[in-house]
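Structure, as structure tokens:
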Amino acid sequence: MTTLFYGVFKRDLALAFRQKAELAQPLLFLLIVITLFPIAVGPGPDILQRIGPGVIWVAAILASLLGMDRLFKEDFNDGSLEQMMLSGHPLYQLVLAKITAHWLVCFIPVLLLTPLFSILLNQTLTMAVALFLSLLLGTPLLSLMAAIAMGLTVGVPKGGLLPSLLMLPVLIPLLIFATSAVESAAMGLSYTPQLAVIGAMFLVALALAPLATVYALKVSQH
Amino acid sequence: MFMWLHQYAKTEAAYSLCNRLIPWFAAISMGCLVTGTVWGLLFAPSDYQQGDAFRIIYIHVPAAMLSMSTYIAMAVAALVGLVWQWRTAFMAMIAIAPVGAAVTFIALFTGAAWGKPMWGAWWVWDARLTSELILLFLYCGVIALYCAFDDKQQAGKAAGVMALVGVVNVPVIHFSVQWWNTLHQGATITRLDKPAIATQMLWPLLINIVGMAAFIFTISCVRLKNEIIRREQRRPWVQQLVHSNEAKNEL
Amino acid sequence: MSQLVASELSCIKQDRVLFDNLSVTLSAGQLVHLRGPNGAGKTSLLRILAGLSAADSGHISWQNQSLGSDYFTQLVYLGHKNGLNLTLNAIENLYYWCAQHGVKISSAQLYDRLAALELTGLETLPVKALSAGQQRKVALARLWLKPAMVWLLDEPFTALDIRTIGMLENALNNFVTQGGAVMLTSHHVMTSAVGKVQSLDLEYRW
């Protein structure tokens, strides 16, 4: 891989591990959100098993919203982004490096914690496996969409909730297919079709989202 | 076609085009909406199953149909703006967006009002209602993004990207929601399958659809005019326009 | 002859025309001081010349070609913002910047550079622990790190102490005599150490 990708990717990882508290907070948040549900709807094992996949997915989406600022916002504010954009290498690399680093930092820990969440919400083994696979394929899509939303709002002084407002409606199909994959697994059916659809959405987004993000970043520098 | 369109990339030309088109479309929309609505509400026969409650379709169906097409019109404007760098196209996009959102809201509201007598609930997670709701969210996203920027030119470009991201997603959302809906509610949902509608009922509906489309177009043109004036207020031609209007008022 | 030629640029911000039909040429061995009141579009012009933002109309070329990676490998741009991450330290900031820009550099060279700028002992502190002037110095270190032909500097003298201002003026002079091209904005009056300065005035337009 070329210099820009490498320079940005390594930097973002170094930065993430420098701020370990920020790394751990979303996970803790996720865990607490998941704890709230059994308390709110009652600890009956059946109902937990039924709502579990949805709860975990919604929590994963929320966790991705928390880590979003790391994508471009800080770099925009301190001027690092404009220096990166002047490197002379295609900005596609910059965006891809950012997205990859974001996914690794934000979602690998979530994936590692999925077995724990599955136990807490009384998922069977097949359900837990389906859930893990759907998260594995689906969370990169979250990072890609977060990149577009952040790219578009990075120049807005008080962005606040705006990126979430832009991103969440677009994620509804993902949520539908991901939870239905787990549901199929619960009924002992094959869930490869749903995973295939998520994979297809991921590939389409992988092709198009970085382009949209590059354009959005250019607009933000106007 | 392209060359013809290209002359309207200038805000001034677009402004005068709006001025010329508005009376025609306003007349069409008034004529059609009055005829269609009066015919539909007073003279069309009532449904043998739903009684008079069905008459809400004369508002609901045009709104629901056009909410999607308005989104596509908005996305086309955004695409034109992004590809050919026309400022006017972004102005048109943002002129259309709130109109589309309002139409979507009308569709949702009338849908809910219709749902109460038909399904016994204000809201059911019917596939069409759900995707309509998501469409409203997409409209809101575009508008919110546009409003967030101080520099409206930047705002237009950013909102344009968002409109395009949305339009790529509209079919995906539509089909996934439909699939989700049949998966979850399958047999229990009382879906109103499109019945073979009687001609006396159909005519007012078609007239209203045309009227509503013309109405959306008219309102968008008026909003586009406002947007152009607001954005170009420092330009000489706008100042001239203001002066000539003031002179007219004094006479 | 390396030349940055901008022809018939116009820039509209917040629907206000900042400049219109502006043509600028920046050739090797030239130092152009961009002047004008606040809001005249100095920063906007520098950003357009740096290829960061697009002009609303007009064209920019570098050695008769439109701006591409040929240009960016020869450019150092310093904006209002320092482009330093506040959590990382000075060495890391510069190291990753060099990596992104494809400049091969050893950490010994980085330490030497910071020592020359009188930042010894501060290399491994997070940048947020440095003063505004020290942060600016770290940002300016880029001028010595990347071999370039064009420097575009937005208010480079802000927050610097007198010794560093002198150092920067000498550096500008050396760079220009060796065939570099500089365009800078500054409200600071430059001493004769800089050498020959041409000025370009922008007016505030309503």
Side-chain angles (χ1 to χ4, degrees), chain A residues 1-23 69-98 100-101 105 151 154-157 214-222, chain C residues 11-14 18 43-44 46-56 62 67-89 91-105 126-128 135-136 138-139 142 146 148 150 152 154:
Chain A
M1 264 300 185
T2 48
T3 50
L4 180 62
F5 182 92
Y6 189 67
V8 173
F9 183 68
K10 259 182 75 175
R11 172 184 174 279
D12 274 21
L13 288 189
L15 196 56
F17 285 102
R18 187 66 46 88
Q19 301 160 313
K20 290 204 179 61
E22 281 183 39
L23 210 62
D69 273 1
R70 261 201 303 269
L71 264 168
F72 302 110
K73 191 79 184 170
E74 284 173 15
D75 294 334
F76 179 85
N77 288 342
D78 66 22
S80 306
L81 189 64
E82 56 189 31
Q83 292 296 339
M84 291 174 193
M85 291 175 76
L86 291 175
S87 74
H89 301 289
L91 294 183
Y92 200 92
Q93 291 177 19
L94 159 67
V95 169
L96 221 49
K98 283 263 167 203
T100 317
V105 169
V154 79
V156 177
V214 166
Y215 185 83
L217 290 179
K218 283 186 179 160
V219 169
S220 76
Q221 293 291 344
H222 186 78
Chain C
C11 176
I12 304 170
K13 278 263 171 83
Q14 310 237 355
L18 291 181
T43 296
S44 300
L46 273 189
R47 291 174 69 85
I48 288 171
L49 290 178
L52 264 181
S53 54
D56 289 280
W62 166 250
L67 302 189
S69 60
D70 284 352
Y71 175 61
F72 293 113
T73 51
Q74 299 296 340
L75 169 75
V76 178
Y77 165 85
L78 277 183
H80 275 295
K81 301 171 187 167
N82 286 325
L84 300 171
N85 186 288
L86 297 180
T87 310
L88 296 174
N89 63 37
I91 293 289
E92 286 168 322
N93 264 303
L94 293 176
Y95 171 77
Y96 291 120
W97 184 82
C98 288
Q100 287 156 13
H101 286 246
V103 180
K104 293 221 166 12
I105 200 129
V127 169
K128 64 178 159 230
Q135 291 185 8
R136 197 69 183 158
V138 177
R142 297 189 179 114
K146 181 174 170 181
V150 183
L152 298 175
D154 200 352

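What you see is a predicted model; the values in this text were computed from it and never measured. Convention: sequence-line order gives letters A, B, ...; per-chain numbering from 1. Computed from heavy atoms alone, side chains included, the values below leave out hydrogens, waters and symmetry copies.
Residue contact with chain A, scored on non-hydrogen atoms closer than 4.5 Å, involves the backbone of C:Ile12 exclusively. When heavy atoms are compared at a cutoff of 4.5 Å, A:Phe76 approaches chain C by way of both its backbone and its side chain. Within the 4.5 angstrom heavy-atom criterion, only backbone atoms of C:Leu84 (N, CA, C, O) approach chain A. Heavy atoms closer than 4.5 Å to chain C are found in the side chain of A:Asp75, but not in its backbone. Neither the backbone nor the side chain of C:Ile48 comes within contact range of chain A; no heavy atoms are under 4.5 Å apart.
Annotation: the span from A:Asp78 atom CG to C:Gln135 atom CD amounts to 10.0 Å, rounded to 0.5 Å. A distance of 9.0 Å separates CE of A:Met85 from CZ of C:Phe72, quoted to the nearest 0.5 Å. Here the CG atom belonging to C:Leu86 is positioned 10.0 Å from the CG atom belonging to A:Leu15, to the nearest 0.5 angstrom. One distance of note links CD of C:Gln100 with CG of A:Leu94; it measures 8.0 Å at 0.5 Å rounding.
Taking a 6.0 Å sphere around NZ of A:Lys218, one finds it holds 12 or fewer heavy atoms contributed by other residues, nucleotides or ligands.
Residues A:Arg11 and C:Asn85 meet the side-chain proximity criterion, which asks for heavy atoms closer than 4.5 Å. C:Tyr95 places a side-chain heavy atom less than 4.5 Å from the side chain of A:Lys10.
Contact record, A:Gln19 with C:Thr87: NE2-OG1, 3.4 Å, taken as the closest heavy-atom pair. The two atoms that bring A:Gly88 and C:Ser69 nearest to each other are O-CB, 3.1 Å, heavy atoms only.
Under the side chain to side chain donor-acceptor pair (under 3.5 Å) rule, A:Glu82 has a single partner from C:His80, C:Arg47, C:Lys81, which is C:Arg47.
The candidate with the highest count of non-hydrogen atom pairs below 4.5 Å against chain A, out of C:Cys98, C:Ala99, C:Ala50, C:Ala139, is C:Ala99.
No donor-acceptor pair under 3.5 Å is formed between the side chain of A:Gln221 and the backbone N or O of C:Ala54.
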